[in-house]
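Keep in mind that this is a model prediction, so the values were computed, not measured. Numbering of residues begins at 1 and proceeds along the displayed sequence.
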Amino acid sequence: MSATSNHQPPTGNKIPVKIVVAGGFGVGKSTFVNTISEIEPLRSEATMTSASATHDDLSQISTKQTTTVAMDFGRVSLTPEIVLYLFGTPGQERFHFMWNELSRGAIGAVVLADTRRLGDCFPAIDYFEARSVPFVVAVNPFDGQRSHPIEAVREAVQVDEAVPMLYCDARERQDAKQGLISLVELALRRERAKAQTTHA
């Protein structure tokens with residue numbers, strides 16, 4: 001696995017792996033990083049003001065009071081040897097210019113989706129598809145409501161069958177962990193396929 005970040009500290013014999021957590025505004029990215037991180041997450045949240053009222057759609061998330069304006073950062077050990085460094089992106093379109101820097105060196109991305117606002121995950125899906133970056137789609141069931149079968153969500157967002165898709169309650173550590181495992185497994189399959197092609 002070749003992906004590492006220049007921003008990561010030395011970790012002895014451990015293998016550092018960079019992962020991006022992306023998705024639309026208010027879809028649960030900060031919650032995801034906070035839930036799974038073994039360290040106190042670095043957050044860049046700011047209180048939402050009336051100035052953003054004309055830019056941010058709060059119709060489905062009316063209780064949201066803060067928003068990420070730079071990134072979230074967390075860390076979790078997947079195995080005794082592999083340490084994942086998580087970089088959560090801001091979701092609003094006006095911050096998309098930051099995605100290139102946050103994604104540099106990442107093995108892939110967890111794209112969070114909200115079935116009430118599926119269109120909000122399209123920019124992240126398009127971004128990673130266009131760059132051939134492995135990603136999984138993690139459907140965050142707000143209020144615990146898994147109201148749509150995963151295959152119906154897949155059809156709605158039009159992602160390939162090869163892209164793992166799963167329900168992932170961002171508040172549940174086991175769900176977040178499973179999303180990360182699915183992504184790492186996907187990235188490993190991609191790397192092995194590339195290696196076989198190179199040596200064929």
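Heavy atoms from other residues, nucleotides or ligands lying under 6.0 Å from CD of Glu155 number 12 at most.
You'll find the side chain of Asp72 stays beyond 4.5 Å of the side chain of Ser37, heavy atoms only. At a threshold of 4.5 Å between non-hydrogen side-chain atoms, the residues Thr115 and Val139 count as touching. Counting heavy atoms from C-beta outward, Glu161 and Glu151 have side chains that approach closer than 4.5 Å. Two residues are said to be in side-chain contact when any heavy atoms from C-beta on lie closer than 4.5 Å; Leu188 and Ile107 fail this criterion. Taking the side chain as every heavy atom from C-beta outward, Val17 and Leu78 never approach each other to under 4.5 Å. In this structure, the side chains of Val137 and Phe135 come closer than 4.5 Å at one or more pairs of heavy atoms.
For the 3.5 Å distance criterion, the side chains of Glu172 and Thr35 fail to qualify, holding no donor opposite an acceptor. Donor-acceptor pairing under 3.5 Å is recorded for the side chains of Asn34 and Arg43.
Interatomic distance, Asp169 CG to Phe32 CZ, rounded to the nearest 0.5 Å: 11.0 Å.
No continuous path of hydrophobic side-chain contacts links Leu118 to Leu112 [ILVMFWY only; heavy atoms under 4.5 Å].
Checking each of Ile125, Leu183, Val21, Val27 against Val111 for a side-chain contact (heavy atoms from CB on, under 4.5 Å) leaves exactly one that passes, namely Ile125.
Taking all atoms of both residues into account, the shortest heavy-atom contact from Val157 to Cys121 is CG1-SG, 4.0 Å.
A cation-pi arrangement, defined by a distance under 6.0 Å to the six-membered ring centre and an angle within 45 degrees of its axis, is absent between Arg75 and Phe73.
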Run the side chain to side chain contact (heavy atoms under 4.5 Å, CB included) check on Asp175 and Gln178 step by step: do they pass?
CA-CA 5 Å; Asp175 280 15; Gln178 189 55 52; 5.8 Å; no
Could you please spell out the steps behind the side chain to side chain contact (heavy atoms under 4.5 Å, CB included) verdict for Val184 and Leu84?
CA-CA 10 Å; Val184 171; Leu84 307 183; 4.2 Å; yes
Under the side chain to side chain contact (heavy atoms under 4.5 Å, CB included) criterion, do Met165 and Arg154 qualify, and how do the steps go?
CA-CA 7 Å; Met165 182 177 290; Arg154 181 184 297 281; 3.5 Å; yes
